[in-house]
Amino acid sequence: MNEILKVNNIHKIYETPGEKLYILKGLNFIQKREEISLIIGPSGVGKSTFLHIVGGLNKPSQGEVFIDNTPFYRVNEPKRAFLRNKYIGFVFQFHYLLSDFTAIENVMMPLLLNGVPAVSAKKKAQEMLSICKITGRWNHLPSELSGGEKQRVAIARSIVNDPLVLLADEPTGDLDPEHQEDIITLFQSLNQEKKMSIIIVSHNKGLEKIANNVYILGDGKLEKI
Ligand SMILES: Nc1ncnc2c1ncn2[C@@H]1O[C@H](COP(=O)(O)OP(=O)(O)OP(=O)(O)O)[C@@H](O)[C@H]1O
Ligand SMILES: [Mg+2]
């Protein structure tokens with residue numbers, strides 16, 4: 001089957017003390033294998049909410065997400081964690097590197113948490129850092145890295161488990177044009193060489209040229225443009 005991920009009639013309501021916020025309103029989406037989807041839309045429209053729901057990190061108020069035909073939210077939390085681990089890599093809008101750990105330790109972390117021995121985890125982390133063009137900064141703490149380097153370490157960490165689906169939330173935010181271009185090239189090679197399906201939320205026009213489909217999120221739904 002050509003679909004790796006399917007989003008069926010998703011609704012998301014945030015209930016705050018004063019009001020109910022209707023963010024997603026019957027959203028449908030299909031991600032095909034080995035394709036890149038780009039999602040754009042104004043600030044506050046629900047792009048991160050959508051991506052977190054797709055990644056099994058935020059339960060929708062209604063609707064279901066199917067990852068390789070398995071429902072993400074109808075299973076219990078351990079099984080959902082297993083599915084996330086097996087299928088999903090996540091590059092968060094705010095990179096969330098662990099500040100007390102070095103670049104390479106941050107990349108090793110998902111492997112160590114999966115019980116991979118430290119020697120193999122280190123080797124794999126080195127390989128991922130090299131793919132992400134981080135050389136010679138492996139033992140720096142996040143506070144000792146530039147914005148672009150932190151972004152690339154976060155991407156290295158998100159791909160260390162060889163995910164089939166990579167979700168990236170504003171991965172080129174706050175970067176200068178040259179480093180933005182590096183990240184665009186990196187996504188293209190992850191897609192072409194590692195056969196990853198990628199969903200990117202971004203306003204970066206440069207990503208449109210590598211995307212198979214571009215969608216705009218507005219009024220709680222996605223529209224293909
Ligand atoms: N946990 C929450 N509780 C209540 N409201 C929330 C919560 N998370 C997000 N929201 C609200 O939902 C809306 C969508 O948020 P979201 O982070 O998905 O937007 P976004 O499209 O990613 O925006 P940006 O482009 O600024 O990152 C916003 O108005 C936000 O304030
Ligand atoms: Mg966001």
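Numbering of ligands and ligand atoms starts at 1, following listing order.
- Nearest heavy-atom pair, Gln31 versus Ile36, reported as atom, atom and distance to 0.1 Å: NE2-N, 4.3 Å.
- Closest non-hydrogen pair, Asn9 versus Gly26, comes out as OD1-CA, 3.2 Å.
- For Phe50 and Phe29, the gap between ring centers is short of 6.0 Å.
- Each of Tyr14, Thr16, Leu21, Ile23, Pro42, Ser43, Gly44, Val45, Gly46, Lys47, Ser48, Thr49, Gln93 has a non-hydrogen atom positioned under 4.0 Å from some atom of ligand 1.
- Take the Mg ion (ligand 2) and draw a sphere of radius 2.8 Å; the protein N/O/S atoms inside it number 2.
- The pair Asp68-Arg33 meets the salt-bridge criterion, with a side-chain N (NZ, NE, NH1 or NH2) lying under 4.0 Å from an Asp/Glu carboxylate O.
- Glu127 and Lys124 are not joined by a salt bridge, as no carboxylate oxygen comes within less than 4.0 angstrom of a charged side-chain nitrogen.
- In summary, the side chains of Tyr22 and Asp219 do not present any donor paired with an acceptor at a separation below 3.5 Å, with no hydrogens or angles considered.
- Side chain of Glu64 to main chain of Tyr73: a donor-acceptor pair is present (N/O by atom type, distance under 3.5 Å, no hydrogens or angles).
- In this structure, Glu181 does not pair ionically with Lys205, as no charged nitrogen and carboxylate oxygen lie closer than 4.0 Å.
- Between Pro110 and Asn161 the shortest heavy-atom distance is CB-ND2, 3.8 Å.
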